[in-house]
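A short write-up of the structure that comes next.
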Amino acid sequence: MGTGSTLPVTLHEYKVRASLLIKDLDSSDTARATRAAERMRALPFFAALSLGDVLARRDTVRHKHGLAVVAREAGHATWTDLKQALEDGARRLDTRAFFRKVQAVFLNRWFSTYEDAARSLEAQGGFLFPFRAQCFVCEADFLQALGVDPRDADWERMGRDWVRPRDRAAKERLEAKLVALGYGGHHVR
């Protein structure tokens with residue numbers, strides 16, 4: 001069930017989807033109710049039931065069942081797993097935030113492939129980051145403008161490469177610092 005957007009889906013959006021599923025199941029429109037009943041069969045409790053049986057039991061379906069269905073549709077075993085994944089994602093670095101906060105102009109080196117960016121990093125130095133489907137290499141001044149210490153020893157430990165760090169623990173420590181500075185992903189609601 002796509003939204004037509006590449007933006008991450010928020011917890012609130014998943015809750016809305018669950019509510020809409022329950023409304024569809026209760027709909028007097030037979031086609032809508034049948035599609036919703038088919039989706040409900042993603043849950044073990046409803047899986048063995050016929051569509052008619054699911055529809056006959058729709059008065060027993062609760063919001064928690066809708067939440068479980070949308071979680072499964074999003075690739076998670078349970079609602080709790082989906083919620084945890086979204087919360088973890090909110091604590092991840094989002095390099096798009098770099099460009100919302102920096103007011104100065106910097107000439108970052110942009111690349112359509114990681115391999116090209118890695119070659120540039122090796123030849124010219126800097127700090128390599130992903131940005132959507134691309135990569136960019138920035139200089140220390142760019143990080144300083146973000147309020148980030150480019151002299152932090154963890155940069156060297158990880159090879160200044162966010163995509164393929166030599167030391168994952170160093171990257172995790174830096175990521176925690178960057179997220180604390182406000183460069184984290186979407187917020188969970």
Side-chain angles (χ1 to χ4, degrees), residues 1-19 67 70-189:
M1 177 176 196
T3 62
S5 170
T6 59
L7 295 174
V9 179
T10 64
L11 195 62
H12 174 74
E13 175 65 22
Y14 282 117
K15 289 177 181 177
V16 169
R17 290 178 184 186
S19 294
L67 293 171
V70 297
R72 284 180 177 260
E73 290 173 345
H76 299 275
T78 67
W79 173 253
T80 303
D81 291 346
L82 171 61
K83 187 175 176 185
Q84 184 64 50
L86 288 172
E87 289 168 353
D88 288 348
R91 291 189 293 266
R92 287 278 197 264
L93 176 69
D94 180 0
T95 55
R96 293 174 298 180
F98 288 175
F99 300 97
R100 289 190 289 266
K101 293 202 176 188
V102 169
Q103 301 300 316
V105 176
F106 292 93
L107 295 175
N108 299 313
R109 301 183 312 266
W110 289 85
F111 304 91
S112 59
T113 68
Y114 167 78
E115 291 72 21
D116 290 342
R119 281 192 289 277
S120 176
L121 176 65
E122 186 176 329
Q124 297 177 275
F127 301 82
L128 189 155
F129 290 96
F131 186 89
R132 295 186 179 151
Q134 301 176 347
C135 290
F136 71 95
V137 179
C138 66
E139 299 300 325
D141 291 347
F142 180 77
L143 293 178
Q144 286 175 324
L146 295 170
V148 177
D149 182 4
R151 296 176 313 268
D152 187 313
D154 279 335
W155 289 113
E156 295 306 321
R157 288 184 190 106
M158 66 180 280
R160 296 182 176 197
D161 183 338
W162 203 265
V163 177
R164 296 187 186 157
R166 288 190 307 239
D167 182 334
R168 288 222 167 263
K171 178 184 176 183
E172 289 174 13
R173 288 188 298 272
L174 285 168
E175 187 164 29
K177 292 173 188 176
L178 289 165
V179 169
L181 288 170
Y183 302 109
H186 59 280
H187 297 286
V188 177
R189 292 184 279 177

Nearest heavy-atom neighbours spanning [X] and [Y]:
{"X": "L67", "Y": "V70", "result": "O-CG2, 3.2 Å"}
{"X": "V163", "Y": "C135", "result": "CG2-SG, 4.2 Å"}
{"X": "R157", "Y": "A170", "result": "CB-CB, 3.7 Å"}
{"X": "D81", "Y": "T78", "result": "N-OG1, 3.0 Å"}
{"X": "G125", "Y": "R109", "result": "O-NH2, 2.6 Å"}
{"X": "G182", "Y": "A97", "result": "O-CB, 4.3 Å"}

Should H76 and K83 be marked as a side-chain contact (heavy atoms from CB on, under 4.5 Å) after you check the CA-CA gap, both sets of side-chain angles, and the distance that decides it? CA-CA 9 Å; H76 299 275; K83 187 175 176 185; over 6 Å; no

Applying side chain to side chain donor-acceptor pair (under 3.5 Å) as the test, list every pair that has at least one member in residues 164-173; sequence neighbours left out.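 Counting only pairs at least two positions apart or across chains, the side chain to side chain donor-acceptor pair (under 3.5 Å) contacts touching residues 164-173 are D154-R173.
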
Backbone of [Y] reached by a side-chain donor or acceptor of [X] within 3.5 Å:
{"X": "W162", "Y": "F127", "value": "no"}
{"X": "S19", "Y": "K15", "value": "yes"}
{"X": "Y183", "Y": "L146", "value": "yes"}

What do the steps show when you test W155 against V148 for side-chain contact (heavy atoms from CB on, under 4.5 Å), and what is the final call? CA-CA 11 Å; W155 289 113; V148 177; 3.8 Å; yes

Mind telling me whether F136 and F129 have parallel, tilted or perpendicular rings, with 30° and 60° as the class edges?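 Rings of F129 and F136: parallel, under 30°.
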
Do the ring planes of F142 and F99 sit parallel (below 30°), tilted (30 to 60°) or perpendicular (above 60°)?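 F142 vs F99 ring planes: tilted.
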
Euclidean distance, [Y] [atom2] relative to [X] [atom1], rounded to 0.5 Å:
{"X": "L121", "Y": "D161", "atom1": "CG", "atom2": "CG", "value": "6.0 Å"}
{"X": "D149", "Y": "D152", "atom1": "CG", "atom2": "CG", "value": "5.5 Å"}
{"X": "C138", "Y": "F106", "atom1": "SG", "atom2": "CZ", "value": "9.0 Å"}
{"X": "Q134", "Y": "T95", "atom1": "CD", "atom2": "OG1", "value": "10.5 Å"}
{"X": "E122", "Y": "Q124", "atom1": "CD", "atom2": "CD", "value": "11.5 Å"}
{"X": "D94", "Y": "L178", "atom1": "CG", "atom2": "CG", "value": "11.5 Å"}

Are there over 12 heavy-atom neighbours, none belonging to Q144, within less than 6.0 Å of that residue's CD?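 Yes - once you tally the heavy atoms of other residues, nucleotides and ligands closer than 6.0 Å, there are more than 12.
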
Between F111 and L128, is the side-chain contact (heavy atoms from CB on, under 4.5 Å) condition met? List the steps. CA-CA 10 Å; F111 304 91; L128 189 155; over 6 Å; no

